[in-house]
Amino acid sequence: MKPSIPRGTRDFGPAEMQKRQYIFNILKTNFQLFGYAPIETPSMENITTLTGKYGEEGDQLIYKVLNSRIHESKDDKKEILKKEFNIALEKSYNSELLTEKALRYDLTVPFARYVVMNHHSLTYPFKRYQIQPVWRADKPQKGRYREFYQCDADVIGSDSLVNELELLAMMDKSFSELHIPVVVKFNNRKILSGIAEILNASDQIIDITVAIDKLDKIGKEGVVKELLEKGISETAIKQLEPLIDLSGSNNDKVTVLNTFLSNSEIGKKGIEEINFLLSNLKTINIQHIKVELDITLARGLNYYTGTIFEAKANAGTFTPSILGGGRYDDLTGIFGLKGLSGVGISFGVDRIYDVMEELNLFPPDVNKVSTTKLLLAYFSEAEQAHCIGLAAKLRSKGINTEVYPDVAKMKKQFEYADKKQIPFVGVIGSNEITNNTIMLKNMLAGTQEEVGFETLTEVLK
RNA sequence: GUAGAUGUAGCUCAGCUGGUUAGAGCAUCGGUUUGUGGUACCGAGGGUCGAGGGUUCGAGCCCCUUCAUUUACCCCA
């Protein structure tokens, strides 16, 4: 049989893992720097935990896990199962008789579930980070995978906007260290609610926001067309126009919003929040990222209620969203714990990787297949034991060392070192054993000299 | 789900309007008198041309079906 892996999933070889771990390490270090503690949750959740949290589209993309051993069901249950299955063949339908588990779709909802289940042992505000894969039953394409890693940082149990500011500071530091030019767009769901309220279309808020969200993709006419298709009235669309045309600096935009939303309480609250963030950007000393208010930013996830974030690379031709996040005022409410507001962001490592690859941003020492510093090569079995012993001594000094495991021609051993980009080869023959030395070759320079153990460790440090 | 593109050696591809034993580069393995790689030279192995059917004297090439990969729409990290 031909080996293969499911569509949209990938293997990661040593060279890729080296680079992936480089990203993970930077994010992890920064999460800890800002006081987030790690947790992990299972790959599978009860399906009821996940459904209804991601919008209609999102629910369709949840990977369902078929209940096991259904063939062992009793006959009368089998009859019911057949009926359920027939329904599922006709329409989108969830039956716990068929599937009671599903693969996690993101890390935020499982986190909310975790918080509710561990409410009494947590110290609030609770700050956690989580680095795990998620699965989406999407059709894969460039930058879109069915299995990918999210790196989430969330604070729950505090509605202070200081949390948003700290998240921005953390994004700034992380993207700066990764050397990715980034624009972070932000908006506030309250603004969007306010707009819908002003337009007298509160129940169509999702349709409106989703349409506006596509502005830079399909243009103004496209947006208007989509709004009409969704049944938004022409007068409402006319009203909306100044917002679709909105441009200029962050403060210019706020000015326009101020007039537009002057009769909406929730809208005014949104402006207040946005102003707080804007006026404090200087305080947190943003160095690297561009922060931009974008009222067309909507984000599909249903649970956001306040600030929303999205980041894209600001260079190159491949600029998918590499970070998303926002505030959710009542995600835990669904699981029976009211009044816990949270805010968080999610770094998409796989896309960050793709962007960094395109922009050639991985440092040279990360861009290699092996971390071995020295390969010990030898001529015959007579020197083998000596090499093993020497390797042990070098490793105790913290030097990454390999011994070529087979007795082989020098050529072969050097080819091995070359392919693995090992920078030094130590040749051991009878001369070296007699002299208690090692013939140390610098693979990059092509030079070599006979050195003692002291010099060896000095050079390889 | 809808639409397009592509499936030929391990990888990247060539293969003219259908015409003999299907090619190249890279990779792999071996060698260039054996204490030295990355550059050179010589040689070798490796292909049911995605799969199935059809048209034809003859199909990698044309037609149908099917599968896979990929891009776009939708939505998203």
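Within every chain, numbering begins at 1; the chains are lettered A, B, ... in the order of the sequence lines, protein sequences first and strands thereafter. Computed over heavy atoms, backbone and side chain alike; hydrogens, waters and symmetry mates excluded.
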**Study point:** Rounded C1' spacing from B:G58 to B:U20 in Å
**Key:** 11 Å
**Study point:** Pairs meeting criterion salt bridge (charged side-chain N to carboxylate O under 4.0 Å, His left out) with involvement of residues 315-332 of chain A, two or more places apart
**Key:** A:Glu164-A:Arg327, A:Asp330-A:Lys338
Study note, to complete from the structure: Under a 4.0 Å heavy-atom cutoff, the residues of residues 351-363 of chain A touching RNA chain B are A:Arg351
Exercise for review: Check salt bridge (charged side-chain N to carboxylate O under 4.0 Å, His left out) between A:Lys411 and all other residues, then give those that pass, not counting sequence neighbours.
Suggested key: A:Glu415
Review point. Which residue pairs pass the salt bridge (charged side-chain N to carboxylate O under 4.0 Å, His left out) test when at least one of the two sits in residues 367-379 of chain A, sequence neighbours left out?
Key: none
Check your understanding: Excluding sequence neighbours, so at least two apart, what forms ring-ring contact (aromatic ring centres under 6.0 Å, His included) with A:Tyr114?
Key -> none
Heteroatom pairs (N/O) under 3.5 angstrom, protein to nucleotides 69-71 of chain B:
residue, atom, partner, partner atom, Å
B:U69, OP2, A:Arg7, NE, 2.8
B:U71, OP1, A:Lys142, N, 3.0
B:U71, OP2, A:Lys142, N, 3.1

Exercise for review: Please list all pairs passing the salt bridge (charged side-chain N to carboxylate O under 4.0 Å, His left out) test where one or both residues lie in residues 417-446 of chain A, with sequence neighbours left out.
Suggested key: A:Glu402-A:Lys420
Check your understanding: Using the P atom in both, what is the distance from B:G18 to B:A59, to the nearest Å?
Key -> 13 Å
Check your understanding: Which part of the nucleic acid does A:Lys214 contact within heavy-atom distance under 4.0 Å: base, sugar-phosphate only, or nothing?
Key -> sugar-phosphate
Point to revise | Positions of residues 173-187 of chain A (non-hydrogen atom under 4.0 Å from RNA chain B), listed by number | key: none
Check your understanding: Can you give the dot-bracket line for RNA chain B, where a pair is Watson-Crick or G-U wobble with both atom distances under 3.5 Å, crossing pairs use [ ], and | marks a partner on another strand?
Key -> (((((((..((((.....[...)))).(((((.......))))).....(((((..]....))))))))))))....
Exercise for review: With sequence neighbours excluded, give me every salt bridge (charged side-chain N to carboxylate O under 4.0 Å, His left out) pair touching residues 303-313 of chain A.
Suggested key: A:Arg299-A:Glu310
Practice item. Using a 4.0 Å heavy-atom cut-off, write out nucleotides 32-46 of chain B from 5' to 3' as B (base contacted by protein), S (sugar-phosphate only) or - (no contact). Key: B--BBBB--------
Which atom pairs, one a donor and one an acceptor, fall under 3.5 Å between side chains of residues 452-459 of chain A and the rest of the protein, sequence neighbours left out?
residue, atom, partner, partner atom, Å
A:Thr457, OG1, A:Phe453, O, 3.3
A:Thr457, OG1, A:Glu454, O, 2.8

